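Working notes, beginning with the structure itself.
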Amino acid sequence: MADRQLRVVNVTRGVVLAERAALADSFVTRARGLLGRSELAPGEGLVIRPCNAVHTVGMMFPIDVVHLDGTARVLRVVPDLRPWRFGALVPGSRVVVELPAGTVAATGTMPGDEIELQPYAPGGA
């Protein structure tokens, strides 16, 4: 994963979606995404910005996708997007968070929830 990491918290539900999510905000990091990875471990994720649509072409595992607007409110959740699929273009989406499949269901994350992107602090400090 990239050096720049974030902690992704669903403030509405009081749960952590990703303890360590890589930030993809350049052409290269956004284009690479999760390609080349064999899995996305629990607690990991990828924050892509700007972004309003994703695909899993070339990936070997399913992911959960959370689309956020400019104020970090959830616009749409896509649970279990399987490999070799294209996600829908989501109008108003400014940021996408990719998470291990099952995270959305386990946390109850849904449209309207408020998400906070915090600096990652090793050891939870």
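Given the structure is predicted, the values throughout are model-derived calculations rather than measurements.
- The backbone N or O of E114 sits less than 3.5 Å from a side-chain atom of T12, completing a donor-acceptor pair.
- Linking ILVMFWY residues whenever their side-chain heavy atoms come closer than 4.5 Å, directly or via other members, places M60 and V57 in the same cluster.
- Listed by chain and residue number, nothing satisfies the side chain to side chain contact (heavy atoms under 4.5 Å, CB included) test with S38 (two or more places apart in sequence, or in another chain).
- The shortest distance between side-chain heavy atoms of M59 and L35 falls below 4.5 Å.
- Note: Q5 CD to L117 CG = 13.5 Å, rounded to the nearest 0.5 Å.
- Taking 4.5 Å as the limit, some side-chain heavy atom of V74 sits within range of a side-chain heavy atom of I115.
- Two different hydrophobic clusters hold V15 and V11 under the rule that ILVMFWY side chains link at heavy-atom gaps under 4.5 Å.
- V90 belongs to a hydrophobic cluster with L75, counting contacts under 4.5 Å between side-chain heavy atoms of Ile, Leu, Val, Met, Phe, Trp and Tyr, direct or through other members.
- Residue pairs meeting the salt bridge (charged side-chain N to carboxylate O under 4.0 Å, His left out) criterion with at least one partner in residues 80-92, sequence neighbours excluded, do not occur; the list is empty.
- Looking only at side-chain heavy atoms (C-beta outward), R73 and L68 stay at 4.5 Å or farther from each other.
- Each of V65 and V9 belongs to its own hydrophobic cluster when Ile, Leu, Val, Met, Phe, Trp and Tyr are linked at side-chain heavy-atom distances under 4.5 angstrom.
- Expressed to the nearest 0.5 Å, how far CZ of F61 lies from CG of L40 amounts to 5.5 Å.
- Considering only residues two or more places apart in sequence or on other chains, R7 meets the salt bridge (charged side-chain N to carboxylate O under 4.0 Å, His left out) condition with E19.
- Under the 4.5 Å side-chain criterion, counting only non-hydrogen atoms from C-beta, Y120 is not in contact with R4.
- Linking Ile, Leu, Val, Met, Phe, Trp and Tyr residues whenever their side-chain heavy atoms come within less than 4.5 Å leaves V16 and V47 in two separate clusters.
- The shortest distance between side-chain heavy atoms of D64 and L81 does not fall below 4.5 Å.
- Going from atom CG of N10 over to atom OG1 of T107 covers 6.0 Å, rounded to the nearest 0.5 Å.
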Begin with the C-alpha distance, continue with both residues' side-chain angles, and end with the deciding distance and a verdict on side-chain contact (heavy atoms from CB on, under 4.5 Å) for T29 and L23.
CA-CA 8 Å; T29 57; L23 176 60; over 6 Å; no

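- Contact of the R32 side chain with the F27 side chain is not registered, since no non-hydrogen atoms from C-beta on lie closer than 4.5 Å.
- Of all non-hydrogen atoms in P83 and P62, the two that sit nearest each other are CD-N, 3.9 Å.
- Scanning for side chain to side chain contact (heavy atoms under 4.5 Å, CB included) contacts around M110 gives R13, D113, with sequence neighbours left out.
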Let me have the donor-acceptor pairs involving side chains of residues 92-103, under 3.5 Å, with sequence neighbours excluded, atom names and distances please.
residue: S93; atom: OG; partner: C51; partner atom: O; Å: 3.0
residue: S93; atom: OG; partner: H67; partner atom: ND1; Å: 3.0
residue: T103; atom: OG1; partner: P100; partner atom: O; Å: 2.7

